[in-house]
Amino acid sequence: MAKYDPARVEAKWRDRWARDKTDQVDLVGARRPFYNLMMFPYPSAEGLHVGNLFAFVGSDIQGRYHRLLGYDVFEPMGFDAFGMHSENFALKVNRHPAEMVPKNIERFRETQLKKVGLMLDWSHQVDTTSPEYYRWTQWMFVTLLKNGLAYRKTGPVNWCPSCNTVLAAEQVIDGECERCSTQVTKREMAQWYFRTTAYAKELLEELDTLDWSERTKVAQRNWIGRSFGAEVTFEVVGGPKFNIFTTRPDTLFGATYMVFSPEHPLLDSITTPERVQALADYRQQASRLSEVDRQAENREKTGVFTGALAINPVNGEKIPIWAADYVLMGYGTGAIMAVPAHDERDHAFAKKFNLPIVEVVDSGVGWDCQKEVYPGDGPLINSGSFNGLTAKGAGQEAIVESLASQGLAKKTVNYRLRDWCVSRQRYWGPPIPVIYCEKCGPVPAPEKDLPVLLPTLEDYRPDGSGLSPLARSPEFLRATCPNCGGPGRRETDVSDNFLCSAWYFYRYPSTQFADRPFDPELTKKWLPVDLYVGGNEHAVLHLLYSRWLCRALHSCGFLDFAEPYKKFVAHGMIVRDGAKMSKSRGNIINPDAYISEFGADAFRMYLMFMGAYLEGGDFRDGGVKAMKGFLDRLLVAVLPEEGETLGQDPPQDAETLYWLHSVIKAVGADIARFSYNTAIARLMELVNHLTKNKIKNQVIAEALTRLLAPFAPHLAEELWEALGHRESVFKSSWPEYDEAATQRPEVEYVIQINGKVRGRLNLAKGLTQEELEPLVLADPTVIKWLAGKSVARKIYVPDKLFNLVVN
RNA sequence: GCGAGAGUGGCGGAAUUGGCAGACGCACCGGCCUUAGGAGCCGGCGGCUUAGGCUAUGGGGGUUCAAAUCCCCCCUCUCGCACCA
């Protein structure tokens, strides 16, 4: 067997694994459970993307490695098949998603996923579009609603005119739809929301305790966005009191005007009659702007005076109230005090509308506040009795304390996070299980009536009316109120696809239970997830939503933990020849072609070798072939020739022992830190050493086979069998190493003169400075370099180097 | 603008703690074998060089016996947030 035929070998082991249920785990009887989760794909018609495979293989290596370490590894897979990705494609090819999705799932599983050699337990597959699954997605909604964590609200929402639906804040990227990159517009609509903000504090603070990729945590921190400050109460002259939020209460004496967001409800009652028309015009103008235009960089400030005045609580001054769209209704209280001397945006506004600018923080360098902003720190000036105190420090404390004693201020923390808008005016999703009754209002569908089945609509096209296509089905609409039995009407929106994916990992261990979303016992045993591997693009989408849902279910008493993933690892992105892959560039990698030509093992190994897993890699065309060449060499290096028998005794010579044990140690350590490229490099070094020195031995062959197994499972099985084993290599164990043997008996001591390498000495390990020094000084090159000089200092690093400092 | 990460040969990328820069691989060059090579095997491979060395990890300073690694300044790229008060 000089070379092997991957097609034959891989098919053989695929069948064997299926026959022997090698990839399944006894969920109930497992003693050392390890839940190895990878982000499930949506079954697109294009087929599995190489990016999916990169993610899966990197995760599978962990699963297989832990299996060899003796864990009972549960590695499930499913399909995130509801949502616009599936629906839009069905629309494009003019078919029905209910017809396309099962076919795509079948193809994903049978012709792609099963050929990659992933250790997946297909007896626990999840399909989010099956009624058995979305019944519980709807149960989540009902449960949240009953516990006050879901609510309906009318307000401005993000609308994607191309997808014809509203979007959550997280799904608007730079003012564009996350899915189709169309500019998002504002629309006033009644929608269902989940109270993500209820856990903003916990979601932020618990991040510190999580073993997650740092960049994922940073993205969540930015998104949740905490800022410290104070809420200060102002009063409209002859009108009501209102609160503003500021992070700079120390600059209160510098507030020369107030700004309300155009959507602020108080504007209606305080605007003076002669300004009403101007305000109405401005509001009209502001609402027409798209999200992109409104957020455009350095946009010219706009605004309108309301005619009303407010009283500054610290000095009693009457200052004008303006409405301007640079103040957002969704953040803080929707109203601010403007301090143009010390805030860039207020400064720009004040300059444009000729509003007074009063400096209250001494810059100390003669800053001209009429011309420029001074945002920094310093002693307070023009601030009455607070003069001289440090702004941001003592000044801030004193002003807030003083106002607080009169009930006019309190310290506040504000979050940028918004509640999650979950309504979608589309067809391909789980219907929101709510019935509207004229008498009782919105009533959750009774649990016994779940699932509210998604009807098969011939015409499921979204129409942009703001209503889901389900609204066009009279049979679906009709319902009776679960409360009073009177006539009712069904909610016709479906829920955001991210709700389906926010809980799928609770379902995997419990797919056999029809009467509960997840079994308490199995959940206790298997969750939280031990290791979750996925793409960082979900940092503030899926990962945030699922953390929130976990916390919500925890507080409702359904889970005894509040964080769903013990460890999350964000893998990198693959590019090809240094460029992003895209259909328009025509540089998409087709995994199937490589797998059928070189085998899944070679493809897996090349994907893992081409770069650091956590950073991503650059796919080069020749790489897979080269990796197949390595596997051929490995096979020759490991297996006996025709008629040859392998030595059964462990190798004796120190050099071979060193190679074997140091590679075992390094490969394990590398896998543990997701450094697959260096682990594979180690395997190559070992094979090179064996080939070069013509070393063949049963002990080495078995060790190398097991080290290879997480990366190239089919070939490892084939070798393991050829080495005389009947059971799967994955029922064996990870090879052990002897720490003493990982050190060479001889080491190379580097001799430096003034920090420059001038020689090397191969000598016994562990020499003391006294032992080494005469040998160093006797070295001919050293003698040459020391001629006519004197040694000022000697530095000895044990087993490594001897540095002579000479003048 | 704020935050995070990165910048190393022709290329992808290595380098647990400050201690031999360039592991491993690709490409390339030379040799062997061959009717042939898009096969296999062996060897070479940062740059300069007067062959002793010198120089080299984005640029410039610094700390140190010793810096890809630590500190300061600057440049470039990627990602996240961004009119968030």
Side-chain angles (χ1 to χ4, degrees), chain A residues 2-3 173-174 213-227 229 244-248 251 259 261 294-299 301 324-328 330-339 342-346 348-349 375 414-418 536-537 539-540 573 575 577-578 606 609-612 614-623 625-627 629-630 632-633 636 666 669-670 673 675 677-685 688 691-692 748-760 784 792-806:
Chain A
K3 276 190 195 179
I173 314 289
D174 293 331
S213 294
E214 193 55 33
R215 59 202 172 109
T216 313
K217 294 209 239 181
V218 166
Q220 287 208 357
R221 274 190 204 110
N222 283 341
W223 186 257
I224 297 169
R226 169 160 57 185
S227 46
I244 59 101
F245 173 72
T246 177
T247 54
R248 292 296 302 273
T251 60
V259 186
S261 162
R294 182 156 170 175
Q295 291 179 359
E297 212 165 329
N298 297 328
R299 202 182 125 230
K301 293 276 180 294
D325 66 3
Y326 81 93
V327 173
L328 311 171
Y331 186 77
T333 62
I336 63 157
M337 66 173 194
V339 185
H342 306 292
D343 181 280
E344 214 174 316
R345 296 150 299 179
D346 298 344
F349 192 85
N414 242 308
Y415 297 92
R416 187 186 165 283
L417 183 72
R418 312 288 170 79
N536 208 41
E537 67 274 15
V540 297
M573 297 269 284
V575 297
D577 301 319
Y606 178 62
F609 183 68
M610 67 186 177
L614 304 182
E615 260 125 68
D618 190 354
F619 189 94
R620 301 284 159 133
D621 209 31
K625 184 181 180 178
M627 195 55 80
F630 167 67
D632 287 333
R633 284 198 300 282
V636 171
D670 284 349
R673 64 190 176 104
S675 183
N677 53 340
T678 56
I680 292 168
R682 292 295 189 168
L683 296 178
M684 289 172 168
E685 282 184 280
N688 289 347
T691 307
K692 191 175 246 176
E748 189 175 67
Y749 292 90
V750 171
I751 305 169
Q752 292 185 341
I753 309 240
N754 286 343
K756 296 212 158 128
V757 181
R758 298 300 181 195
R760 299 149 200 281
K784 194 185 78 186
R793 232 179 120 180
K794 301 163 199 163
I795 288 131
Y796 175 54
V797 182
D799 296 332
K800 279 195 178 144
L801 133 169
F802 202 102
N803 187 14
L804 295 166
V805 184
V806 303

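Keep in mind that what you see is a predicted model, and the values were worked out from it rather than measured. Only this structure's heavy atoms are used, side chains among them; waters, hydrogens and symmetry mates stay out. Chain letters run A, B, ... following the sequence lines, proteins first, then strands; residues in each count from 1.
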Could you list the protein-to-nucleotides 29-32 of chain B atom pairs, N/O on both sides, closer than 3.5 Å?
none

Handout entry: Sugar-phosphate, base or nothing in reach of A:Arg758, heavy atoms under 4.0 Å
Key = sugar-phosphate

Among B:C83, B:U55, B:C26, the one nearest any side-chain atom of A:Lys756 is B:U55

Next on the checklist: Under 4.0 Å, heavy atoms only, any strand: does A:Phe609 hit a base, just the sugar-phosphate, or nothing?
Outcome noted: base

Ranking A:Gln752 and A:Asp618 by the position along RNA chain B of their nearest nucleotide, the one closer to 5' is A:Asp618

When pairs are called at under 3.5 Å and a stem needs at least three consecutive Watson-Crick or G-U pairs, the stems of RNA chain B are B:1-7 with B:75-81, B:10-12 with B:24-26, B:28-32 with B:40-44, B:46-48 with B:53-55, B:58-62 with B:70-74

Open item on the list: Between the base of B:C81 and the side chain of A:Asn222, is one N or O donor paired with an acceptor at under 3.5 angstrom?
Closed with: no

Q) Across the strands shown, which category fits A:Lys784 at heavy-atom distances under 4.0 angstrom: base, sugar-phosphate, nothing? A) sugar-phosphate

By ring-ring contact (aromatic ring centres under 6.0 Å, His included), A:Phe802 pairs with (sequence neighbours left out) A:Tyr796

Look at all strands and tell whether A:Arg620 reaches a base, only sugar-phosphate, or nothing, counting heavy atoms closer than 4.0 Å. sugar-phosphate

Per the under-4.0 Å heavy-atom filter, residues of residues 677-685 of chain A near RNA chain B come out as A:Asn677, A:Thr678, A:Ala681, A:Met684, A:Glu685

Any protein N or O atoms within reach of nucleotides 39-45 of chain B? Criterion: under 3.5 Å, listing atom names and distances.
none

Note to self: Measuring only between side-chain heavy atoms, which start at C-beta, is A:Asp343 closer than 4.5 Å to A:Phe349?
What the structure shows: no

- Message: Mind checking if A:Asp577 touches a base, just sugar-phosphate, or nothing, with heavy atoms under 4.0 Å?
- Response: nothing

Next on the checklist: By the 4.0 Å heavy-atom rule, please label A:Ala792 as base, sugar-phosphate, or nothing.
Outcome noted: nothing

What I want to check is whether an N or O donor and acceptor connect the side chain of A:Lys301 with the base of B:C83 at under 3.5 Å. yes

Expected label for B:G9 (glycosidic angle, syn inside 90° of 0, else anti) would be syn

| message | Mind checking if A:Glu214 touches a base, just sugar-phosphate, or nothing, with heavy atoms under 4.0 Å? | response | nothing

- [ ] Indicate whether OP1 or OP2 belonging to B:C65 is found under 4.0 Å from a side-chain N or O atom of A:Arg793.
- [x] yes

key: Over 12 foreign heavy atoms within 6.0 Å of CZ, A:Arg416   = yes

Applying side chain to side chain donor-acceptor pair (under 3.5 Å) to A:Tyr415 and not counting sequence neighbours gives none

Could you tell me how far B:G12 sits from B:G58 if I compare only their P atoms? Round to whole Å.
14 Å

